[in-house]
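Here's the structure we're looking at; comments come further down.
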Amino acid sequence: GKFLEKISSLISKNGIFVTNVFYSADTRFVVDKDGRCHKAFNRNELAKIMSNSGFKILNTKLIERHEKETDYLLSIFKKQ
């Protein structure tokens, strides 16, 4: 999408891009207790989206949020 096109244009080849997104084993939209809607990703979906935008996944880490409804997926990508 346009967001990743812009990010890609700002990062040099072999540059690093770090994301922190909501995680869900089954990709879905999440509505939190305050009524806000969030998109949750699994590792495979995020890797595919980023790969299609010219990034290679280097590492991911699941960050559990015990008191919250969703966890985070912290990912590091390298521009190809």
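Side chains are part of it too, since the values below use all heavy atoms of this structure and drop only hydrogens, waters and symmetry mates.
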Original post:
Taking all non-hydrogen atoms of both residues, which atom of Ala40 and which atom of Val30 are closest, and how far apart?
Top reply: CB-CG2, 3.9 Å

Original post:
From Leu10 CG over to Lys79 NZ, what is the distance, rounded to the nearest 0.5 angstrom?
Top reply: 8.5 Å

**OP:** Output every pair passing side chain to side chain donor-acceptor pair (under 3.5 Å) with a member in residues 47-58, not counting sequence neighbours, ordered by first then second residue.
**Re:** none

Subject >> Pairing residues for Arg43 by the side chain to side chain donor-acceptor pair (under 3.5 Å) criterion, not counting sequence neighbours >> reply: Thr60

Subject >> Minimum heavy-atom distance His66-Glu64, with the two atoms named >> reply: CE1-OE1, 3.0 Å

**OP:** May I ask you to test the Asn59-Ser75 pair for a side-chain heavy-atom distance under 4.5 Å?
**Re:** no

Original post:
Sub-3.5 Å donor-acceptor pair from the side chain of Arg65 to the main-chain atoms of Asp71, do we have one?
Top reply: no

Original post:
Any sub-3.5 Å donor-acceptor pair from Asp34's side-chain atoms to Arg36's backbone N or O?
Top reply: no

Subject >> For Glu45, salt bridge (Lys or Arg N to Asp or Glu O under 4.0 Å) partners two or more places apart >> reply: Lys39

**OP:** Measure across Leu73 and Phe41 and return the closest heavy-atom pair with its distance rounded to 0.1 Å.
**Re:** CD2-O, 4.5 Å

Subject >> Pairs satisfying side chain to side chain donor-acceptor pair (under 3.5 Å), at least one member in residues 9-23, at least two apart >> reply: none

Original post:
Can you list the other members of the hydrophobic cluster that holds Ile76, where links are side-chain heavy atoms under 4.5 angstrom apart?
Top reply: Ile16, Val18, Phe22, Leu58, Ile63, Tyr72, Leu74

Original post:
Do the side chains of Ile57 and Met50 get nearer than 4.5 Å, heavy atoms only?
Top reply: no

**OP:** Please name all residues satisfying salt bridge (Lys or Arg N to Asp or Glu O under 4.0 Å) with Arg28, sequence neighbours left out, ordered by chain then number.
**Re:** Asp26

**OP:** Take Ile49 and Phe55 through the side-chain contact (heavy atoms from CB on, under 4.5 Å) test and state the conclusion after the steps.
**Re:** CA-CA 9 Å; Ile49 290 168; Phe55 291 89; over 6 Å; no

**OP:** Would you kindly confirm whether Val21 and Leu62 end up in one hydrophobic cluster when ILVMFWY residues are joined by side chain heavy atoms under 4.5 Å apart?
**Re:** yes

